[in-house]
Amino acid sequence: MRDFLLGADCAETERRLSDYLEGMLSRWRQNRLVRHLTRCEGCQAVLSSLTVAVERLQALGRHSLPPSPATVDAVIERIRREAPQEAER
């Protein structure tokens with residue numbers, strides 16, 4: 001019973017890390033998780049890796065690359081080829 005009140009175990013912590021990062025845990029669950037993280041280096045490492053992965057994935061959405069000139073040219077050419085066909089219909 002004492003462990004239940006003091007903090008989560010590794011399995012519970014790993015199951016709830018995503019919710020923790022997204023701020024989706026109740027205050028009680030968050031406190032349990034934080035108590036576990038303060039004393040478990042393994043779960044701290046998992047949290048660190050997950051945090052880096054989430055930050056990198058979020059960065060992908062912020063940095064869209066412009067299409068290559070070859071792609072732009074191919075799209076324009078296809079539009080030109082198909083435009084007369086559409087006008088005939």
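All of these numbers come straight from a predicted model, not from anything done at the bench.
With sequence neighbours excluded, no residue forms a side-chain hydrogen bond (donor to acceptor under 3.5 Å, both in side chains) with Ser48. Under the side-chain contact (heavy atoms from CB on, under 4.5 Å) criterion, Asp9 pairs with Ala11, Glu12, sequence neighbours left out. Listed by chain and residue number, Trp28, Arg29 satisfy the side-chain contact (heavy atoms from CB on, under 4.5 Å) test with Ser26 (two or more places apart in sequence, or in another chain). Under the side-chain contact (heavy atoms from CB on, under 4.5 Å) criterion, Thr51 pairs with Leu21, Leu47, Glu55, sequence neighbours left out. A search for side-chain contact (heavy atoms from CB on, under 4.5 Å) contacts involving Thr38 returns Val34, not counting sequence neighbours. Every residue was checked against the side-chain hydrogen bond (donor to acceptor under 3.5 Å, both in side chains) condition with Arg80, not counting sequence neighbours, and none meets it.
Using a distance-only test at 3.5 Å, with no hydrogens or angles considered, a donor-acceptor pair links the side chain of Ser49 to the main chain of Ala45.
The hydrophobic clustering, which links ILVMFWY residues whose side-chain heavy atoms are closer than 4.5 Å, places Leu37 and Val54 together.
In this structure, SG in Cys40 is found 14.5 Å from CZ in Arg35, a value given to the nearest 0.5 Å. Atom OH of Tyr20 and atom CG of Leu33 lie 6.5 Å apart (nearest 0.5 Å). We find the CZ-OG1 distance between Arg32 and Thr13 to be 8.0 Å, quoted to the nearest 0.5 Å. A distance of 9.0 Å separates CD of Gln44 from NE2 of His36, quoted to the nearest 0.5 Å.
In this structure, Glu77 places its CD atom where more than 12 heavy-atom neighbours from other residues, nucleotides or ligands lie under 6.0 Å away.
Inter-residue side-chain proximity for Leu50 and Ser18 is flagged as met; some heavy-atom pair is nearer than 4.5 Å.
In terms of heavy-atom proximity, Arg39 sits nearest to Ala8 at NH2-O, 3.8 Å.
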